[in-house]
Amino acid sequence: MRAFVMTELTGPSGGAVTEVDEPAGAHPWADGRLLIEVHAAGVSFPDLLQTRGQYQHGTPPPYVAGGEVAGVVLEAPERSGFRPGDRVASLTVWGALAERALGIPRYTVKLPDDFDFVAGAALYLNYATAWFSLHRVNFAKGEDVLVHGASGGVGTATVQLVKALGGRAIAVVSTADKARVAREAGAGEVVVGDEGWAARVRELTGGLGVPVVVDPVGGDRFTDSLRCLDVGGRLAVVGFAAGEIPTVKVNRLLLRDLSVVGVALDPYVARFPEMARTLASELERLAASGELRPVAGHVLPLESAREALELIDTRRAVGKVVVTVR
């Protein structure tokens, strides 16, 4: 089968499309073999980190890159809830940029009939991350949520979910073009620019600040994000797309009763397995309701998988980057 294979951990340039064997056995994270005929694959920041050996769930080269797929089930384990012919979106962690891939049943959902495979490839990772982030900070209907990187894959998913769940998303973006994407995703307010954004957020909240921040960016925005929180506010740490891992002086948390919460789904599911079922059920319900509409800002063929990764590397990506395989 055709696949985009990383042969060295030097970034996107270390990979190329070539012929490899179909994946054997089951995914190491799965109980049983869930084999999927891949129609489209999603590319995200963790995939970029893997190409440089910087991701905690990476695998040594040579390996097939790509963390999530949308396609048709070819083989499924008994009692998994899936059967051959089902249209699904699934997390793969690696192996997605290929004609066939091994999914992880607990991180797999059925696609509604009106979702094409491009939308499906943009569904699971981003919306699972967004939903779990809001769950971890105990988001309540009616709350404002400040969303960093609001034009990206996780950002647009978070904006849509906040709106669907009855809150107002305040989007922070760096350019006017990215502001348009955030607005189209459903942001109630959009703040453009790296300077003065925190003061603007204060203005939008009557000087109080927001109860919740969702931050997949990190870097030098982190401290200002804490300043943007209302008393008792909660900040969800999703990732560090800016590259720099920030630190927090805990006196900032003490003085205003703030909470900083990490967002890492797999260790949580390992301890509380029922969370995977709850999450899958919620994603399927919200997708079927029409309230989730993944933003695929870039759609490229498999032969351009390297360029797909480079879009993320150079921070030019808006919405989800999707690679079509069929």
Side-chain angles (χ1 to χ4, degrees), residues 1-7 9 15 18-51 53 55-111 117 120-129 132 264-281 283-284 302 305 309 322-323 325-326:
M1 66 176 188
R2 293 184 306 142
F4 180 78
V5 179
M6 295 296 305
T7 55
L9 299 179
T18 187
E19 292 283 334
V20 298
D21 292 336
E22 177 182 300
H27 195 288
W29 289 24
D31 294 326
R33 178 174 168 88
L34 179 63
L35 183 66
I36 298 170
E37 178 187 77
V38 180
H39 286 246
V43 179
S44 301
F45 189 63
D47 304 318
L48 176 65
L49 291 178
Q50 284 191 43
T51 68
Y55 189 54
Q56 67 265 35
H57 298 310
T59 190
Y63 73 92
V64 177
E68 61 185 313
V69 299
V72 178
V73 173
L74 297 175
E75 302 176 34
E78 291 185 11
R79 297 182 297 278
S80 67
F82 303 103
R83 60 184 182 181
D86 284 344
R87 299 169 69 253
V88 297
S90 181
L91 195 66
T92 63
V93 186
W94 56 83
L97 291 169
E99 292 180 316
R100 294 186 174 190
L102 295 173
I104 305 170
R106 67 180 179 273
Y107 298 139
T108 302
V109 296
K110 294 179 181 178
L111 294 177
F117 289 116
L123 177 64
Y124 193 90
L125 181 60
N126 290 342
Y127 288 90
T129 300
F132 188 58
L265 179 60
D266 197 60
Y268 198 97
V269 167
R271 177 65 180 85
F272 306 105
E274 65 275 10
M275 177 53 65
R277 293 187 290 272
T278 298
L279 175 55
S281 176
L283 291 185
E284 288 182 350
L302 181 61
L309 287 161
V322 174
V323 172
V325 177
R326 285 182 168 77

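Position 1 is the first residue of the sequence; numbering continues from there. The shown structure was predicted, so the numbers you read here are calculated from the model rather than taken from an experiment.
Contact detail for A98 and V38: the closest heavy-atom pair is O-CB, 3.1 Å. The two residues A30 and P105 have their closest heavy-atom pair at CB-CD, 3.6 Å. The minimum heavy-atom distance linking G32 with P77 is given by the pair C-CG, 3.6 Å. What you find for A40 and V322 is that their closest heavy atoms are CB-CG1, 3.9 Å. The two residues A24 and L102 have their closest heavy-atom pair at O-CD1, 3.7 Å. Residues H27 and G103 approach most closely at CB-O, 3.8 Å, considering heavy atoms.
Atoms CD1 and CG, from I104 and D266 in turn, are 7.5 Å apart once rounded to the nearest 0.5 Å. Going from atom CD of Q50 over to atom OH of Y63 covers 4.5 Å, rounded to the nearest 0.5 Å. Here CZ of F82 is found 14.0 Å from CG of L35. Values are rounded to the nearest 0.5 Å. Rounded to the nearest 0.5 Å, atoms CG (L49) and CG (L309) are 10.5 Å apart. Between the CG atom of L34 and the CD atom of E75 there is a distance of 9.5 Å, given to the nearest 0.5 Å. Interatomic distance, OG1 of T18 versus CZ of R2, reported as 11.0 Å (0.5 Å rounding).
For the pair E284 (side chain) and K110 (backbone), a donor-acceptor distance under 3.5 Å is present. With Y268 contributing its side chain and F132 its backbone, the two residues share no donor-acceptor pair below 3.5 Å. Judged by distance alone, the side chain of R326 and the main-chain N or O of E99 form a donor-acceptor pair under 3.5 Å. Judged purely by atom type and a 3.5 angstrom limit, T51 uses its side chain to pair as donor or acceptor with the backbone of L48. At distances below 3.5 Å, not a single donor-acceptor pair connects side-chain atoms of E68 with backbone N or O atoms of S44. Panel note: side chain T129, backbone L125; a donor-acceptor pair is recorded below 3.5 Å. Formation of a donor-acceptor pair under 3.5 Å by the R106 side chain with backbone atoms of W29 is found in this model. A distance-only check finds a donor-acceptor pair linking the side chain of T92 to the backbone of G66 [under 3.5 Å].
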message = Between F117 and L111, is the side-chain contact (heavy atoms from CB on, under 4.5 Å) condition met? List the steps.
response = CA-CA 9 Å; F117 289 116; L111 294 177; 4.2 Å; yes
task = Starting from the C-alpha separation in whole Å, work towards a yes-or-no answer on side-chain contact (heavy atoms from CB on, under 4.5 Å) for Y124 and L279.
result = CA-CA 10 Å; Y124 193 90; L279 175 55; 3.8 Å; yes
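At least one side-chain heavy atom of L9 sits less than 4.5 Å from a side-chain heavy atom of P61. Put simply, the side chain of R83 does not reach to within 4.5 Å of the side chain of V73, judged on heavy atoms. Inter-residue side-chain proximity for I36 and R100 is flagged as unmet; no heavy-atom pair is nearer than 4.5 Å. When side chains are defined from C-beta on, T59 does not count as touching V93, because their heavy atoms never get closer than 4.5 Å.
Between H57 and Y55, the ring planes are perpendicular. Angles over 60° get that label, and only those under 30° would be called parallel.
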